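Worksheet for the structure shown next.
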Protein chains: 2
Amino acid sequence: MARTESEHPTELELELLKVLWDESPLPVREVRARLEADANRPLAHSSVITMLNIMHRKGFLRRRKEGKSFLFSPKVKKESVTGGMMGDLLSRVFDGSPSAMMLNLLETTDIGADELAELRKLITQKAKERKQ
Amino acid sequence: MARTESEHPTELELELLKVLWDESPLPVREVRARLEADANRPLAHSSVITMLNIMHRKGFLRRRKEGKSFLFSPKVKKESVTGGMMGDLLSRVFDGSPSAMMLNLLETTDIGADELAELRKLITQKAKERKQ
DNA sequence: AATAATCATCTAAATAATTAAAAGATGCTT
DNA sequence: AAGCATCTTTTAATTATTTAGATGATTATT
């Protein structure tokens, strides 16, 4: 037997989604150009088409014929993908404990003072909401 | 051309690491048993050996001969792997903004009131540390 | 000593992911 | 109409990941 297709976008798929979340619909040629410019990933035209078609098959993208070429757009929302990937890591790495995940983030990254203040405000807000 | 080996453990590799982080060193047979019990993943003995050897080659594990069988232990710390995977998601999904990542976590998961209070305390603590 | 039990290594397979050339189709230009 | 430009489809090659059988080695048992 072998592995199963991931429900989340892979490395390259995410880069392509980022391009299209930023602006869409776009033709292949444009996606290719932005992938090189934004993600420093210069792929051949045919490689980009292959990936976009795979992503279409997987249900990540929408495809529409415009004249002789296809235009691609995201079918999945950024928030949904992001949330899914976070949830995946949350369950696989932190056994489903959001606070453990947060703690890790606090300890391993460098967050600015102003952002810390902002976060504290958000947490206070969240705590209030829970009370109702 | 093709893809490159990930610097982070894969799905299955992480499950194996979890077993060994929990207790080590362990012989293959024991790893196999716990993988089935803890992760509900019943693999053939030879499959487990194959994976453990691959992980040894990748530098995730240490291997020591004890009598006729091998004992495996983690070579990488849990904190290091966790931090690496978090950092990966942080840069790939949230463009390196920890506060954006935190915000997502706050909004998409359900954190208990007591944990929220704990987190607020930690953030306050962190803010103080930054002042020095 | 012969046999069984237990391990490891070798080999192999199937699917996923990534990259791209070659071939085919279609429309544009001169 | 011929040729060029531009797209898509088809085909293929390579590495990674996951799973496991077959084979061989070593130790324990009868």
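For clarity, every value in this text was computed on a predicted model and none was experimentally measured.
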Rounded distance in Å - CD (B:E7) to P (D:dA16):
15 Å

Could you check whether any side-chain N or O of A:S91 sits under 3.5 Å from a backbone N or O of A:G87, counting only pairs where one atom can act as donor and the other as acceptor?
yes

Quick one: are A:M101 and A:L89 in side-chain contact, heavy atoms under 4.5 Å?
yes

Residues at least two apart in sequence or cross-chain that pass salt bridge (charged side-chain N to carboxylate O under 4.0 Å, His left out) with B:E13, listed by chain then number, are B:K58

Would you check if A:I54 and A:T50 make a side-chain contact, meaning some heavy-atom pair closer than 4.5 Å?
yes

Among residues 11-21 of chain B, which residues get a heavy atom nearer than 4.0 Å to DNA chain C?
none

If you define the side chain from C-beta out and look only at heavy atoms, does anything of B:L12 sit under 4.5 Å from B:R41?
yes

With a 4.5 Å limit on heavy-atom distance, are the side chains of B:F72 and B:P25 in contact?
no

Tell me every residue that passes salt bridge (charged side-chain N to carboxylate O under 4.0 Å, His left out) with B:E15, counting only those two or more places apart in sequence or in another chain.
none

Residues two or more places apart in sequence or in another chain: which of them pass salt bridge (charged side-chain N to carboxylate O under 4.0 Å, His left out) with B:E36?
B:R32

Are the side chains of B:T82 and A:F94 in touch, meaning some heavy atoms are under 4.5 Å apart?
yes

Here the distance between atom C1' of D:dA16 and atom NZ of B:K58, to the nearest Å, is 7 Å

Name all residues meeting the side-chain hydrogen bond (donor to acceptor under 3.5 Å, both in side chains) criterion together with B:E66; count only those two or more places apart in sequence or in a different chain, and write none if there are none.
B:R64

Distances for protein N/O vs nucleotides 6-9 of chain D N/O pairs under 3.5 angstrom?
unit_1, atom_1, unit_2, atom_2, d
D:dT6, O4', A:K68, NZ, 3.2
D:dC7, OP2, A:R29, NE, 2.6
D:dC7, OP2, A:R29, NH2, 3.3
D:dT8, OP1, A:F70, N, 2.7

Hey, which sits more toward the 5' end of DNA chain C by its nearest nucleotide, A:S47 or A:T4?
A:T4

Five-pair end axes of the helix from C:dA1-D:dT30 to C:dT30-D:dA1 and the angle they enclose, rounded to 10°:
20°

Is a side-chain donor or acceptor of A:T108 paired with a backbone partner of A:N104 at a separation under 3.5 angstrom?
yes

Which is more 5' along DNA chain C, the nucleotide nearest A:A44 or the one nearest A:R3? Just name the residue.
A:R3

Near DNA chain D, under 4.0 Å by heavy atom, which residues of residues 84-92 of chain B?
none

Residues in residues 35-43 of chain A with a heavy atom under 4.0 Å of DNA chain D, by number, are none

Please name all residues satisfying side-chain hydrogen bond (donor to acceptor under 3.5 Å, both in side chains) with B:E129, sequence neighbours left out, ordered by chain then number.
none

Donor-acceptor contact below 3.5 Å, side chain B:R57 vs main chain B:L52:
no

Need two values: the first and the last nucleotide of DNA chain C, 5' to 3', having an atom under 4.0 Å from any heavy-atom of chain B.
C:dT6 to C:dT19

Out of curiosity, does B:L71 fall in the hydrophobic cluster containing B:V28 (side-chain heavy atoms, cut-off under 4.5 Å, transitive links)?
no

Indicate yes or no for a side-chain donor-acceptor contact from A:R120 to the backbone of B:L119 under 3.5 Å, with no hydrogens or angles considered.
no

Could you check if a side-chain atom of A:K78 sits within less than 4.5 angstrom of a side-chain atom of A:L17, using non-hydrogen atoms only?
no

Does the side chain of A:M86 come within less than 4.5 Å of B:V93's, by heavy atoms?
no

Can you sort out the partners of A:D38 under salt bridge (charged side-chain N to carboxylate O under 4.0 Å, His left out), two or more places apart, ordered by chain and number?
none

